[in-house]
Structure formats: C-alpha cells, structure tokens
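Heads up: the structure comes next, in structure tokens.
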Amino acid sequence: MISKRARNMAPSMTLGINAKVKSLEAEGKKIIDLSIGEPDFLTPDVAKEAGKAAIDNNMTRYGPAAGSLPLRQAIAKKLKEENQVEYAPTDIVVTSGAKHALTIALTALLDPGDEVIIPVPYWVSYPEIVKLVEGVPVFVEGKKENDFKLTFEEVAPYLTSRTKAIILTNPSNPTGAVYFKDELDALVTPLVEKGLMVLSDEIYERQVYGGDFVSVASLSPKVKEHTILINGLSKSAAMTGWRIGYTASESKLAKVIGDISSHLVSHPSTVSQEAARAALEHAQGDMEERREQYKQRRDYILDFLKDVPGIASVAPEGAFYVFLDISSLRDKVKGDSLSLEVCEALLDQHQVALVPGIGFGADDFLRLSYAASMEDIKEALHRIKVYMEQWQ
Ligand code: PMP
Ligand code: GLU
C-alpha cells in the first residue's frame, strides 16, 4: 500500500531524538538536551512585533506564490550587502523553511535516476530528500584529517553522465567544518565547468568563527549561474518555528521553483513572512552578538574535551556543533551501531541527549549541539566525561 519511495525513507533522526527528549521530559525526567540544532536564543522582538502587526492588519490572506515582494526585496538586499551576490527579487523564492527550499530545488533539477553528490558526513535530511524526489544520492567520504572537507580530486571519480548536482553545506552540519574562499573555489569551479549544479546550503553562514564566510554564488558569474543558494531564518534569527527559508537562483530556475511551490504549499505563512522581513531589516545586530556567544561556548567545549579520555574532536570553525570522535570505544561497546549504543547510554544513564553519528553517515561519531546555555553545556560535558572514564 505504501510506495517504495516512502518505505525507503528513514525518519529524521534529529527530530526523532528531540521528540524522545520531550516525551522523557513529559514523564518528569530532567534531560540536558544537546541534540537538536535549534538556537536557544529567542526570536528578536522586532520580528515578533511584525508578526503580531501582520495579524492585526489582516495580512492573513493568500499572497504571491514566490513570497511577498517586500520580503524578497529584503532578502535580495541582504544577499547583496552581506554576501556580495546580486539577485533580483524575482530570482528569490520564499519557502516554508530551508528543508522545503531543498526539496523544491531538487524537484526542479532532477529527473528520476539523476545522481547527486552528497559529502559525508551529511545532514540527515539530504539523502532522504534526494530519494523522495527520485534522485540517487552518491556519497563521497570526507577525511577527518582534512576536517572532512573535500577536494575536487576526491569528488571527480564519483562523477558520471548522470551526475546533476552536489549539495554543499557551508558551514557543515554536523562537523562544523567551513570551506574558506580558496578551498571553495578549488572544489566548486571545476565541478561547475563539468556542468554540475551546486545546491549551496548556507543556513549557518552567521556562525563562522575562524575567518570570513564566502557564499558560493559570489565566486564568479559562471558559478552563480550554476548555484541554487539555500538559506533561511531558522538559525540566523532563531526563528525555527516560523518556518521561513528561501532559494536564490538564476531567473528561469527561480520561476520553476516558484511554480512548484505554488502547487505544494501556495506560499509560506504571510504572518511568518512579515516577521522574517522585520528580522532581516532590523535585527542584524542581535545576530552578531549571538555569534560571539556561540564562539565562547565552542572554545569552552574544545578546552574541556582535552581532558576527556577517549574522545577526539576536530575543532569546528562554524555552525554550532562539535563532532565527537568516539572510535576509541569501538572494541569496548557492544551492539550494531556504536553511536546509537553510546547515545542511548548517555541518555538513559546520564540524562544527556546527543545525536548518533550514524544519522549523518559516520557511526564513529556523536554530534553535540552547543545551541544551549553554558550551564547545561558544562553539566553535560561533566557527565560525558564520567561516562568516558568508565571505559579507560
Ligand atoms: N540545512 C541544514 C544544514 C540544517 O541543519 C537544517 C536544520 N534546521 C536545515 C537545512 C533546515 O532548516 P529549516 O528549519 O529552515 O527547514
Ligand atoms: N537541522 C537541525 C538539526 O540538525 C534541526 C533539526 C532538523 O531540522 O533536522 O538538528
């Protein structure tokens, strides 16, 4: 009864763990939740006020499928001023979150059987979205010693006549790796020369700590033409529940993406669009302050981990995750999946929630999100240390 496509789909591990934590909390258990990647900050007041005003002003009717013009103008302005890429408002499609942006962008690009390069470790939803739109994920493993970043030479052997696109997440979820300008150029430009499209997921662009973030589309006019930029307000403005994302691409593609969206959701909530516009226009300062706080947390964690036996980690240069290498436990912990077993033990015995690396295609790792209070981070690290010490 259920389609093969749907049967082949794994549920979202990040959202699944979040649901499990919530249900344990409902039973009265106190969990320190460093699992889901959701800012612990609140949506800026200016955005909340704009959302309320939208309701009071009866902005509660259908709007344009590609999103309201003022919001698309605000996005175009942001892309020009912050990312040095010029898009007309008509090149932008506002979506119900970046997930939806990825889904309709891939629907616009892929014929059944087309291949999409997905660097490993990957964010949980990429392979599932590619499969849902009848594409074929092709996984290319990044090496830990290179901070999991890929070079063109590593990707080239995986290219076939069916390769249509690559999904790049910069900064990366789950590793926190950041491709800086030269690395990005060296990877992307030859791929574009070969005709590939780049889906550039830049949702963590504001969480970069060790240098300047560079948007793929700013590399050259040719790269821009082959890029579908994916971004949103979830992480940058702490607006996860408002569900606003967007695509920016060359205009013919943008038209198709907008048309697909018109059939799927008509357009994202008009109230959320107003709130997102206000956040983009008036809350930039708040966002900068948050980056500094994330950086302090990251530095604290990396420093603490030096004294935790059996865990090695790569210093992340962006996003709000640390990817913990627990391969030292491989011969000690029994079970089919090391990362699942360790996460389960941490949750059941120490009330700390992390995400198993297996969900990101890397079973030797756990993902820790530091989008949480310093107090929670400190206590969780202490408990992780106690857990690790028992194996030494
Ligand atoms: N891309 C990445 C890399 C993410 O981590 C997430 C998780 N929020 C998304 C996209 C989806 O974000 P949104 O809330 O806008 O759907
Ligand atoms: N992207 C976040 C994460 O990786 C939120 C959950 C989700 O959308 O998958 O935790």
Side-chain angles (χ1 to χ4, degrees), residues 12 15 18-19 22 36-82 87-108 125 129 132 201-203 206 228-249 251 253-287 290:
S12 165
L15 295 187
N18 193 241
K22 296 246 152 62
I36 197 157
E38 174 164 51
D40 54 311
F41 302 107
L42 298 175
T43 297
D45 285 343
V46 69
K48 291 196 242 179
E49 290 309 323
K52 288 182 213 166
I55 295 173
D56 290 341
N57 294 329
N58 297 309
M59 295 174 79
T60 52
R61 293 177 171 267
Y62 285 133
S68 80
L69 186 58
L71 175 54
R72 284 187 287 154
Q73 284 168 332
I75 293 167
K77 185 163 181 276
K78 173 251 179 264
L79 291 173
K80 185 172 176 200
E81 289 175 1
E82 291 178 21
Y87 285 103
T90 45
D91 299 338
I92 291 160
V93 178
V94 182
T95 59
S96 298
K99 262 179 204 177
H100 176 220
L102 280 158
T103 310
I104 53 177
L106 285 164
T107 307
S125 292
I129 295 175
L132 269 177
D201 184 340
E202 304 184 354
I203 199 154
R206 287 183 172 274
I228 304 181
L229 193 155
I230 309 281
N231 208 331
L233 279 287
S234 285
K235 318 288 168 171
S236 58
M239 292 181 70
T240 45
W242 298 79
R243 310 304 306 130
I244 295 292
Y246 55 88
T247 63
S249 62
S251 52
L253 201 46
K255 164 93 174 59
V256 174
I257 291 172
D259 288 346
I260 296 170
S261 194
S262 77
H263 289 298
L264 290 183
V265 295
S266 298
H267 56 76
S269 147
T270 48
V271 172
S272 293
Q273 290 191 58
E274 266 303 282
R277 182 194 54 71
L280 281 167
E281 287 176 351
H282 306 294
Q284 304 295 320
D286 304 17
M287 299 176 189
R290 287 170 190 172

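Owing to the predicted nature of the structure, the values given are computational and were not obtained by experimental measurement.
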Could you check whether any side-chain heavy atom of [X] comes within less than 4.5 Å of a side-chain heavy atom of [Y], counting everything from C-beta outward?
X: V265; Y: I104; value: no
X: S234; Y: R243; value: yes
X: L69; Y: P89; value: yes
X: I230; Y: I203; value: no
X: R290; Y: K235; value: no
X: L132; Y: L106; value: no
X: S261; Y: H100; value: yes
X: L102; Y: S125; value: no

How close do [X] and [Y] get, counting heavy atoms only, and between which atoms?
X: S272; Y: W242; result: OG-O, 2.9 Å
X: I257; Y: A108; result: CG1-CB, 3.9 Å
X: A50; Y: E274; result: CB-O, 3.7 Å
X: T270; Y: T60; result: OG1-CA, 3.8 Å
X: R72; Y: G67; result: NE-O, 3.0 Å
X: V46; Y: H282; result: CG2-CB, 3.7 Å

Could you give the distance from [atom1] ([X]) to [atom2] ([Y]), rounded to the nearest 0.5 Å?
X: K99; Y: S96; atom1: NZ; atom2: OG; result: 12.5 Å
X: Y87; Y: S251; atom1: OH; atom2: OG; result: 11.0 Å
X: I75; Y: E281; atom1: CD1; atom2: CD; result: 10.5 Å
X: T240; Y: E38; atom1: OG1; atom2: CD; result: 3.5 Å
X: L233; Y: Q273; atom1: CG; atom2: CD; result: 10.5 Å
X: E202; Y: L79; atom1: CD; atom2: CG; result: 8.5 Å

Margin query: I'd like to know whether NZ of K255 has more than 12 heavy-atom contacts from other residues, nucleotides or ligands below 6.0 angstrom.
Written below: no

